[in-house]
Each structure stands twice: as C-alpha cells, then as structure tokens.
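The next block holds one structure in the form of structure tokens; read it before the comments.
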Amino acid sequence: MSGAEAQITDQARQPDPLPSPPRSDGPRRTASPYAPERGVSPASAQPAPNGGGRGRRWAVRAASLLAAAALWQVLTVTDARLWLRFDRLPTLDQIAARAAGQLGTQIYYLDLLQSLIRILAGFGLAAVAGVAMGVLVARSTRAGDVFTPLLEAVRPIPAIALVPVAILLFPTDEQGIVFITFVAAFFPITVSTRHAVRALPTLWEDAVRTLGGARRHVHWYVVLPGALPGVFGGLSVGMGVSWICVISAEMISGEFGVGYRTWMSYTIVDYPAVIVGMITIGLLGWLTSAAVELVGRRVTRWLPRAERSGP
Amino acid sequence: MTLGITLESLTLGYARDPVLDEINLAVRPGEVLVVVGASGSGKSTLLRALAGLLRPYRGRIVAEGEEIAATSRDRAMIFQDDALLPWRTVRSNVELPLRIRKLPKRERRAAAREWIARVGLAGHEDRLPRELSGGMRQRVQLARALAGAPRAVLMDEPFGALDAQTRAEMQRLLLHVLRDTRATVIFVTHDVDEALLLADRVVVLGSGGVRALIEVPRPRDLGVDRTALRDQIIKEL
C-alpha cells in the first residue's frame with residue numbers, strides 16, 4: 001500500500017466530536033445505479049430533453065391521429081385504386097354515422113363489456129400466475145428444472161392456435177376464450193418477471209439477510225419490489241397480446257364481444273360497422289394499456305426518471 | 001450486549017486456491033477490530049463469512065459457543081454503497097430490521113426517528129436513496145444497521161467511495177455513535193490512517209493469513225504519535 005492511500009485529513013484525527021449535520025454536499029459519484037449526478041433532489045428534475053412543452057406534445061399527438069384520419073378520408077372519398085382498393089371502404093362520414101347509430105344501442109355496450117370482462121379475467125389470472133411462475137423459476141433451481149422445459153416448449157405456440165384445444169377442453173366457449181387470453185398474456189409476463197428477478201443485484205438480498213431477514217423477507221422486501229420495473233414491461237406486452245387473442249378468439253367462437261360483432265358485420269357486408277368495431281378495439285386496447293402504464297409508473301416512482309417504465 | 005467471535009483454523013475459498021488459509025483469531029466483545037490488507041487479501045471474503053453469507057471451506061467461526069452457519073440479526077453488515085433498497089424512503093429503510101422483527105408500527109417509527117436523528121438526517125425521512133448524496137446514504141445504512149440493535153456490526157469499506165471530507169465526517173460520526181451502542185465492530189478498509197483512527201486493534205491480512213495483529217493505544221484523544229504504528233502496518237502490507 002502506498003502512502004497516498006492514507007487519505008484522512010488532520011481534522012479527522014480530532015477526538016470523537018459530535019456528529020456534524022449532513023452537509024448538502026451534493027452528488028459526487030455516479031457509481032450508484034439509482035444516483036445519477038442530476039438526481040440528488042426532486043427539485044433538480046430536468047426538463048424534457050427534446051424540447052417543447054406538454055401542450056405542444058399533445059398537439060403533435062392529436063395532429064398525428066388527425067393526419068391519418070384525413071388520409072383515410074381522401075383515399076375513400078376519391079375511391080382511390082392504387083393497387084390497394086380504397087373504393088370498397090367506407091368514408092369517415094359513413095363510419096361516423098354508423099358509430100352514432102351503434103352508440104345508441106344496448107348491444108354495442110354489451111359487446112364492449114363482454115370483451116372487457118374476458119380481458120380482465122384472462123389478463124388478471126395471467127398477471128398473478130405469470131409473476132408467480134417467473135419468480136419461482138428464477139429463484140428456485142429445482143422449480144426451474146421442472147418448469148422451464150415445459151414453458152419453453154409451449155411458449156412458441158401462438159395462443160390463437162390453442163383455440164381447437166380450448167373448444168375441446170372447456171365446457172363453454174366463454175371459458176375457452178378466457179383461457180386463450182390467459183395463455184397469450186402468461187408467457188410475456190413470466191419471461192419478463194424471470195429476467196427481472198435474475199437481474200436483481202445480490203447486494204440487496206445480502207443486506208436484508210444480514211438484517212435478520214429470512215427467505216420470505218427477501219422475497220417480499222427485495223425480489224417483488226425490485227422486479228417491478230421488469231414485471232410491468234411484461235404486463236404491458238401481455239395486455240397487447242391479450243387483445244389480439246381475445247378478438248381473434250371471439251371471431252372464431254364467440255357469441256358476443258367486439259371481435260364477434262366486427263366479424264358478423266363483415267359477413268353481412270356492413271363495412272362501416274366493421275370499421276366502428278376496429279376503432280372500438282383500438283380504443284379499448286389503448287385505454288387498458290395506458291392503465292397498465294399508469295399503474296407501472298406509480299409503483300416505480302423510485303426509478304430515475306429516464307429509466308421509468310412507460311412513455 | 002456485545003458479541004465475541006472466534007475464528008478456528010478458518011479456511012475460506014477453494015482447496016487449491018484458498019483466499020485465507022487456516023487462520024485463528026479471537027475478536028473481543030465490544031472492540032473495534034479493523035482489518036486491513038491489499039486488494040485480494042481476503043478482507044471482504046472474511047467479512048462475508050463472519051456475516052454468514054459465505055460458508056467456510058474448512059474450520060469454524062464460533063460466537064458464544066455456537067458455530068456461525070447462517071446470517072443473523074446479531075451481525076448486521078454495512079456495505080460500501082447501493083445496499084439501501086432504492087424504492088424505500090430513508091425512514092422505511094431504517095425501519096426494515098424492525099419490520100422483520102414484527103415490531104408494532106409505533107415502536108418502529110419511534111426507533112427509526114431516533115436513529116435517523118442520531119446520524120444527523122432528521123428532516124430527510126421521506127426522501128428516496130437516489131435523492132441523497134453518497135455520504136448521506138452511508139448515514140442511512142449506519143442507522144438501518146444499528147436500528148436492529150445488532151451485537152456486532154460488520155463494515156465492508158463503508159467509506160471507501162466517499163471523498164476525503166465526507167469520509168472524515170463519517171469516521172467521526174461512527175466513533176460517536178459506537179460509544180452508545182457498545183457493539184463489536186469489525187471494519188474492513190485499505191486505508192491505514194482510517195484503521196488507526198477507528199481501531200482498538202488492527203489485523204493485517206496478506207499471503208492468505210494474518211500478517212500482524214497490532215494493538216492501538218487508547219484513548220484516541222491523547223494525540224499519540226501514531227507514525228510508528230503506521231509504518232509498522234505499511235511494512236506488513
């Protein structure tokens with residue numbers, strides 16, 4: 001060891017004085033994953049890096065949607081045939097009229113409610129089971145040996161390909177559709193949770209154990225909260241895949257639901273209603289994904305701003 | 001109540017390449033034992049074994065007649081950095097050992113408030129670790145470890161990542177706080193002056209064993225010339 005390593009100031013050799021209050025000495029080091037140079041005080045939060053206020057960003061978002069709608073209107077009103085045949089698709093005013101008609105009927109809301117119930121049931125079950133399975137296979141070698149081959153073998157099968165099995169397996173179509181939705185969300189949630197748990201620094205676990213924590217304390221105080229950012233990544237993907245699969249399953253075997261109604265509209269050549277169904281699906285998917293993102297951001301407030309899950 | 005710990009023919013690491021080989025050492029109850037040594041000399045490995053985070057390859061670590069085989073709240077560990085749970089506030093981190101012990105909320109709150117004040121962080125209870133400086137985070141780690149009323153505190157270069165000024169403040173704070181707790185302290189550092197400031201005894205590790213065991217005269221405030229001790233330790237490193 002060189003003399004240079006002996007770094008205490010003379011001041012430090014004074015006899016045990018009272019502790020001085022903490023200096024607002026600010027951040028010096030960047031070794032901590034949760035202490036970037038800028039993150040010492042909430043008051044030091046940085047403005048959005050890419051310029052523009054909140055209002056301007058919302059204006060850009062709205063303009064993006066309006067531009068897409070305007071393009072649709074131009075292509076359909078002019079009956080454009082540019083290899084793609086827009087002349088067979090309804091114009092915005094036809095769609096708006098059909099939407100207005102549907103919004104006044106009870107069946108529209110029953111379909112909407114039915115799809116939402118299926119999503120909430122399937123996705124809710126998948127969230128619980130996926131997080132539990134992800135933690136289990138990441139934390140237990142034996143559980144990993146038992147379940148990982150099964151998970152990896154079933155994971156590549158698209159959930160929608162399980163429709164025949166679901167029809168055979170479950171007494172009612174309703175249960176089959178929830179099952180398909182569950183399977184769709186289960187795998188992304190499990191895989192994300194598994195990765196998030198494996199990526200946790202062992203230091204946090206060591207700290208809890210040396211404070212007297214048992215295995216259950218490590219799970220409760222370290223693994224679950226520490227994995228939340230990754231878990232919410234999986235929940236977000238899972239919600240998107242759930243919608244794809246619930247709509248597809250409804251189109252194949254449903255009796256109600258937005259997917260069923262959209263397909264029925266196609267078979268009776270009611271194209272404006274098909275588009276109304278599509279827009280409804282888009283809005284429902286957007287709303288539910290936004291809800292997941294919102295909850296995710298709430299429970300991961302501790303992350304430095306740039307790393308938070310969600311936009 | 002303090003804790004004495006005895007290392008009996010302790011070998012850590014692997015058979016062919018032990019980090020520490022057949023070491024014997026008695027840590028006295030209530031003393032501050034500082035472990036120094038060059039990088040790779042096994043300081044941190046020894047501390048992890050004392051904490052119960054690492055099983056010895058051979059030999060035993062004994063505390064009050066019982067072999068240390070697992071972690072225990074009797075032996076709290078303070079790490080260099082990043083050991084605070086980043087999603088918990090200062091208060092919530094300090095309350096953690098008390099939550100683990102299922103203390104009622106009122107008692108937890110009171111104990112946490114007291115310890116946070118003792119390390120000079122009153123008013124910062126609701127802040128998250130990322131909102132604190134390195135020195136403040138180490139104060140929280142100290143409060144969290146001591147709130148659990150451990151009988152021994154194991155400190156792994158806790159001030160190693162701090163600048164000289166903050167490090168000096170933390171050393172003074174540690175000495176002040178330890179006066180009240182009477183816990184046995186085993187403190188790992190590579191800084192010889194830090195060792196001489198804090199220690200009752202200094203253990204110098206090297207070549208897989210104990211190179212020297214040096215008594216440091218007390219009390220600390222006599223302004224004893226420690227140059228000779230310092231030279232002796234550096235020679236052993």
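Below, chains carry the letters A, B, ... as their sequence lines are ordered, and counting in each starts from 1.
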Contacts of type side-chain contact (heavy atoms from CB on, under 4.5 Å), residue B:Ala149, not counting sequence neighbours: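 So B:Ala149 forms a side-chain contact (heavy atoms from CB on, under 4.5 Å) with B:Arg101.
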Hey, are B:Ser207 and B:Arg211 close enough side-chain-wise for a donor-acceptor pair under 3.5 Å? yes
Distance-only side-chain donor-acceptor flag, B:Asp126 / B:Thr89, under 3.5 Å: no
My understanding is that only one of B:Arg108, B:Arg144, B:Arg88 makes a salt bridge (charged side-chain N to carboxylate O under 4.0 Å, His left out) with B:Glu95; could you say which? B:Arg108
Go through the atoms of A:Val222 and report whether side chain, backbone, both or neither lie under 4.5 Å from a heavy atom of chain B. both
If the contact rule is any heavy atom under 4.5 Å from chain B, which residues of residues 126-143 of chain A qualify, in numerical order?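 Checking residues 126-143 of chain A against chain B gives no residue, so none.
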Any pair with a residue in residues 68-78 of chain B that passes side-chain hydrogen bond (donor to acceptor under 3.5 Å, both in side chains), sequence neighbours left out, goes on the list, sorted by first then second residue, please.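 Those involving residues 68-78 of chain B do not exist here.
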Sub-6.0 Å ring centroid separation between B:Trp87 and A:Trp204: yes
For each of B:Leu53, B:Leu174, B:Leu128, tally heavy-atom pairs with chain A at distances under 4.5 Å, and name the one with the top tally.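 The candidate making the most pairs under 4.5 Å is B:Leu53.
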Using the test side-chain hydrogen bond (donor to acceptor under 3.5 Å, both in side chains), find all partners of B:Ser41 that sit at least two apart in sequence or belong to another chain.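 Once residues adjacent in sequence are excluded, B:Ser41 has no partner under the side-chain hydrogen bond (donor to acceptor under 3.5 Å, both in side chains) criterion.
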